[in-house]
Visitor: 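Pasting a structure below so you can have a look.
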Amino acid sequence: MRVRFAPSPTGSLHIGGARTAYFNWLFARKHQGVFVLRIDDTDLERSTEASYQQILDGFRWLGIDWDEGPDVGGPYGPYRQSQRLEIYRAQLQKLLDEGRAYPCFCTPEQLAEDRARAQQAGEAPRYAGRCRHLPREEAERRIAAGERPAYRLRTPESGKTVVHDLIRGDVVFDNAEIDDFIIWKSDGMPTYHFASCVDDSLMQITHIIRAEEHLSNTPRHIQLFDALGAKVPVFAHVPMILAPDRSKLSKRHGATSVQEYRDQGILPEALVNYLLLLGFSPGEDREVLSRDEAIQVFDLEKVTKHAAVYDVKKLEWLNAHYLRAMPPERALELIWDTLVSRGWVDADPDRERLGWLLQVVRAVQERSRSVDELADSMGYYFVRPASYDEKGVRKHFTAQAAERLEAAARALDEVAPFTALRVEAVYRERIAAWNIKGGELIHPTRLALTGVTVGPGLFDVMALLGRAECQARMRAAADWIRANV
RNA sequence: GGCCCUAUCGUCUAAUGGUUAGGACGCCGCCCUCUCACGGCGGUAAUAGGGGUUCGAAUCCCCUUAGGGUCACCA
């Protein structure tokens with residue numbers, strides 16, 4: 001089995017495209033098939049090298065690899081359509097020789113006029129067929145005279161074309177609905193439909209898994225495969241992904257490209273897991289699946305038929321899940337550059353410092369929903385709080401708190417060694433001696449040390465910060481309370 | 001407008017003629033607890049509407065409605 005994903009490098013890798021590619025990849029891996037990456041860059045105007053790189057990077061980041069493609073090669077290359085023009089030209093010539101295609105000299109203005117008239121008359125805006133029966137000699141004469149025609153496929157006027165779709169079953173189209181569409185533009189370039197079908201047939205693609213928007217185009221493609229003398233592949237049109245307002249996903253709905261998600265601290269395994277759940281159900285109420293597990297359970301026939309609305313909340317939940325389960329070593333790696341650029345850590349720390357960093361990561365890891373959040377929530381381990389949470393101040397920074405903070409700071413002198421367990425023992429002792437509730441000392445301390453009211457267990461934070469730092473911050477907070485409250 | 005696709009909690013989905021219509025995210029409550037998060041327990045909430053077929057319909061058929069796609073010398 002051979003499948004392909006054929007993005008055009010005119011922008012970033014869209015999550016809709018990423019899901020379609022992922023389904024192709026899963027299908028190929030599940031059936032020990034071949035996944036081909038083909039670059040659809042016949043639109044020279046809009047295609048860019050940057051976009052091409054971005055798309056490849058996006059797939060690498062997601063962990064989706066390809067067996068044949070522009071960078072790795074393969075037996076059916078080249079894999080960039082802009083490098084296959086000779087192939088398309090030869091195929092066009094073949095169709096012309098066989099009378100399956102014909103030149104069309106109608107101008108875009110003429111065609112637009114036809115369309116407008118048809119619209120007005122309430123008819124389908126289809127090609128009128130003006131050049132369909134043009135004598136060969138006349139066509140040749142006009143070309144010789146310098147006219148540059150487009151080329152159309154001669155499609156059957158009656159009968160039906162059936163699309164065999166693994167997700168939707170057989171979809172029947174009336175051939176009368178399909179007009180003689182253009183397969184070759186007058187500027188000398190093939191159209192998407194033509195290039196795509198030529199490639200699919202030459203590259204021996206057996207299953208075309210693509211977005212639903214192509215379903216209506218499929219009868220044309222089948223006509224093309226027939227004309228080309230190629231075996232018609234099996235189709236699977238996966239439902240679209242919609243924005244929360246049920247419209248097409250676009251920029252105004254926030255992040256739509258996989259790089260944006262990466263930049264926002266989303267993990268690739270979370271994104272890929274979420275994408276799997278859009279339009280597919282693994283069964284047995286399972287929701288969290290690794291790539292390998294996804295390969296095991298994936299089944300095109302179980303893909304839903306209806307569009308799915310994109311819900312970031314569930315992605316974030318999955319992301320938090322994967323972030324929590326990750327070894328701290330990897331989490332630290334993910335935020336390393338950020339920590340260095342903020343001046344929080346040295347680019348090349350010693351063993352001891354590294355061990356300490358891993359403990360910090362471990363402490364905040366399960367409280368973060370994204371990689372960004374993880375880095376952000378580590379700030380107070382490196383720098384003293386610049387301010388104190390306002391609500392926290394009102395609640396915990398009382399006049400008594402100032403005294404207690406100073407007394408507690410003094411008491412920390414006794415703690416040896418300075419571990420969470422020992423610190424807690426001393427704290428509990430003070431709490432009992434003062435006959436107060438634990439929170440009355442714990443909360444002000446946390447606010448003094450971190451500037452915020454949330455975070456890991458206080459004694460872990462204290463052990464991580466160390467005695468001197470704790471004492472300094474507590475005394476600073478006491479002074480601040482006296483000056484400001 | 002023609003053609004095509006689709007329709008279960010707010011969202012993602014399960015249930016392929018017989019279930020108190022299940023799970024997950026979100027939200028709410030309780031428990032755990034030094035806070036937050038995690039975790040545990042519980043709650044909220046759906047078969048678009050109308051006709052058939054059938055002993056029995058979310059499930060099959062028809063109509064309506066709603067959403068989407070496509071009809072380009074874009075891909």
Side-chain angles (χ1 to χ4, degrees), chain A residues 6-8 10 40-43 45-47 81 104 106-108 111-112 115 118-127 148-152 163 165 167-168 171-174 176-179 181-187 189-193 195-196 211-220 237 239-240 242 244 246-248 274 277-288 304-318 320-321 324 364-369 377 392 396 424 427 431 437-443 445-447 450 452-459:
Chain A
S8 39
T10 55
D40 195 339
D41 55 355
T42 50
D43 187 345
E45 289 288 303
R46 296 196 300 150
S47 298
Q81 293 189 328
C104 173
C106 300
T107 64
L111 295 171
R115 254 197 303 280
Q119 288 274 10
Q120 220 157 25
E123 287 162 21
R126 300 170 52 248
Y127 177 58
R148 287 284 162 266
Y151 292 89
R152 291 179 184 271
V163 178
D165 191 292
I167 296 171
R168 283 151 220 286
V171 183
V172 183
F173 293 85
D174 221 316
E177 293 292 332
I178 306 163
D179 62 358
F181 58 99
I182 291 178
I183 56 175
W184 196 273
K185 299 183 269 182
S186 58
D187 67 357
M189 293 293 283
T191 63
Y192 155 76
H193 301 292
S196 173
E212 188 190 350
E213 52 188 306
H214 288 294
L215 180 56
S216 300
N217 282 327
T218 305
R220 287 165 225 282
H237 288 94
M240 314 227 342
L242 265 31
R246 298 214 137 259
S247 70
K248 220 170 164 176
Y274 179 67
L277 262 26
L278 280 185
F280 179 78
S281 172
E284 294 166 357
D285 292 336
R286 293 216 290 157
E287 304 241 85
V288 179
T304 60
K305 299 174 170 68
H306 56 271
V309 170
Y310 191 81
D311 174 29
V312 193
K313 279 286 196 314
K314 194 153 186 172
L315 207 212
E316 287 170 349
W317 170 75
L318 276 166
H321 171 88
R324 229 178 289 128
V364 279
Q365 200 176 342
E366 73 165 43
R367 294 173 167 76
S368 306
R369 296 202 323 277
S377 61
H396 306 301
E424 175 159 16
Y427 251 60
I431 287 162
K437 283 201 280 191
E440 289 180 83
L441 180 58
I442 289 171
H443 296 323
T445 306
R446 174 179 291 106
L447 189 57
T450 69
V452 293
T453 58
V454 301
L458 176 68
F459 305 114

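The chains referred to below are lettered A, B, ... by the order of the sequence lines, with proteins before strands, and numbering in each begins at 1. Only heavy atoms go into these numbers, but all of them, side chains included; no hydrogens, no water, no symmetry mates. Please read all numbers here as calculations on a predicted model, not as lab measurements.
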Visitor: Applying a 4.0 Å non-hydrogen cut-off, can you work out what A/Ser186 is touching in the nucleic acid: base, sugar-phosphate, or nothing?
Guide: base

Visitor: Which residues pass the ring-ring contact (aromatic ring centres under 6.0 Å, His included) test with A/Phe459, not counting sequence neighbours?
Guide: A/Tyr427

Visitor: Return the set of residues passing salt bridge (charged side-chain N to carboxylate O under 4.0 Å, His left out) with A/Asp311 (not counting sequence neighbours), or none when no residue passes.
Guide: none

Visitor: Not counting sequence neighbours, which residues clear side chain to side chain donor-acceptor pair (under 3.5 Å) with A/Thr218? List them please.
Guide: A/Arg210, A/His237

Visitor: Is any side-chain N or O of A/Thr304 closer than 4.0 Å to OP1 or OP2 of B/rU13?
Guide: yes

Visitor: Applying salt bridge (charged side-chain N to carboxylate O under 4.0 Å, His left out), can you list everything that pairs with A/Asp285, at least two apart in sequence or on another chain?
Guide: none

Visitor: Could you pull out all residues at least two apart from A/Tyr192 that satisfy ring-ring contact (aromatic ring centres under 6.0 Å, His included)?
Guide: A/His214

Visitor: Can A/Asp179 and A/Arg220 be counted as an ion pair, charged N to O under 4.0 angstrom?
Guide: yes

Visitor: Mind checking if A/Asn217 touches a base, just sugar-phosphate, or nothing, with heavy atoms under 4.0 Å?
Guide: base

Visitor: Give one of base, sugar-phosphate or nothing for A/Gly283, where a contact means two heavy atoms less than 4.0 Å apart.
Guide: nothing

Visitor: So A/Lys248, base contact, sugar-phosphate only, or nothing? Heavy-atom distance under 4.0 Å.
Guide: sugar-phosphate

Visitor: For A/His214 and for A/Leu242, find the nucleotide of RNA chain B with the closest heavy atom, then tell me which residue's nucleotide is more 5'.
Guide: A/Leu242

Visitor: With sequence neighbours excluded, tell me which residues meet side chain to side chain contact (heavy atoms under 4.5 Å, CB included) with A/Phe173.
Guide: A/Val163, A/Val171, A/Pro219

Visitor: Side chain of A/Arg324, heavy atoms from C-beta onward: which of B/rC38, B/rA75, B/rA24 has the nearest atom to it?
Guide: B/rC38

Visitor: Sequence neighbours left out, what passes side chain to side chain contact (heavy atoms under 4.5 Å, CB included) with A/Thr453? Give chain and number order.
Guide: A/Asp389, A/His396, A/Leu447

Visitor: Which nucleotide in the set B/rC25, B/rA75, B/rG69 lies at the smallest distance from any side-chain heavy atom of A/Trp317?
Guide: B/rC25

Visitor: Report, one pair per line, the protein and nucleotides 3-11 of chain B atoms (nitrogen or oxygen only) whose separation is under 3.5 Å.
Guide:
| unit_1 | atom_1 | unit_2 | atom_2 | d |
| --- | --- | --- | --- | --- |
| B/rC5 | O2' | A/Arg168 | NH1 | 2.6 |
| B/rC5 | O2' | A/Glu212 | OE2 | 3.2 |

Visitor: Go through B/rA14, B/rC25, B/rA75 for me and flag the one nearest to the A/Thr42 side chain.
Guide: B/rA75

Visitor: Could you tell me whether a side-chain N or O of A/Asp41 sits under 3.5 Å from a main-chain N or O of A/Gln81, the two making a donor and an acceptor?
Guide: yes

Visitor: Set out, line by line, the N/O atom pairs under 3.5 Å between protein and nucleotides 62-66 of chain B.
Guide:
none

Visitor: Please test A/Tyr274 against A/Trp317 for side-chain contact (heavy atoms from CB on, under 4.5 Å), starting from the C-alpha separation and ending with a verdict.
Guide: CA-CA 10 Å; A/Tyr274 179 67; A/Trp317 170 75; over 6 Å; no

Visitor: With rounding to the closest Å, how many angstrom separate the P atoms on B/rG26 and B/rC38?
Guide: 8 Å

Visitor: For B/rG69 versus B/rC31, give the span between their P atoms, rounded off to a whole number of Å.
Guide: 49 Å

Visitor: Please work out if A/Arg220 contacts a base, only the sugar-phosphate, or nothing of the nucleic acid, heavy-atom cut-off 4.0 Å.
Guide: sugar-phosphate

Visitor: Starting at the 5' end of RNA chain B, which residue's closest nucleotide do you reach first, A/Thr453 or A/Glu213?
Guide: A/Thr453

Visitor: Which parts of nucleotides 27-34 of chain B does protein reach within less than 4.0 Å, heavy atoms only, written one letter per nucleotide 5' to 3' as B for base, S for sugar-phosphate only and - for none?
Guide: -------B

Visitor: Given B/rG23, B/rG26, B/rA75, identify the nucleotide with an atom nearest to the side chain of A/Arg46.
Guide: B/rA75

Visitor: Checking A/Glu212 now: which residues fulfil side chain to side chain contact (heavy atoms under 4.5 Å, CB included) with it, not counting sequence neighbours?
Guide: A/Arg168, A/Pro239, A/Met240

Visitor: For the side chain of A/Arg367, counting heavy atoms from C-beta on, which of B/rC73, B/rC36, B/rG23 is nearest?
Guide: B/rC36

Visitor: To the nearest Å, give me how far apart CZ (A/Arg286) and P (B/rG23) are.
Guide: 18 Å

Visitor: Select base, sugar-phosphate, or nothing to describe what A/Cys106 touches, counting heavy atoms under 4.0 Å on all strands.
Guide: base

Visitor: Taking atom C1' in both B/rA45 and B/rG29, what distance in whole Å separates the two?
Guide: 16 Å

Visitor: What pairs with A/Arg152 under salt bridge (charged side-chain N to carboxylate O under 4.0 Å, His left out), at least two apart in sequence or on another chain?
Guide: none

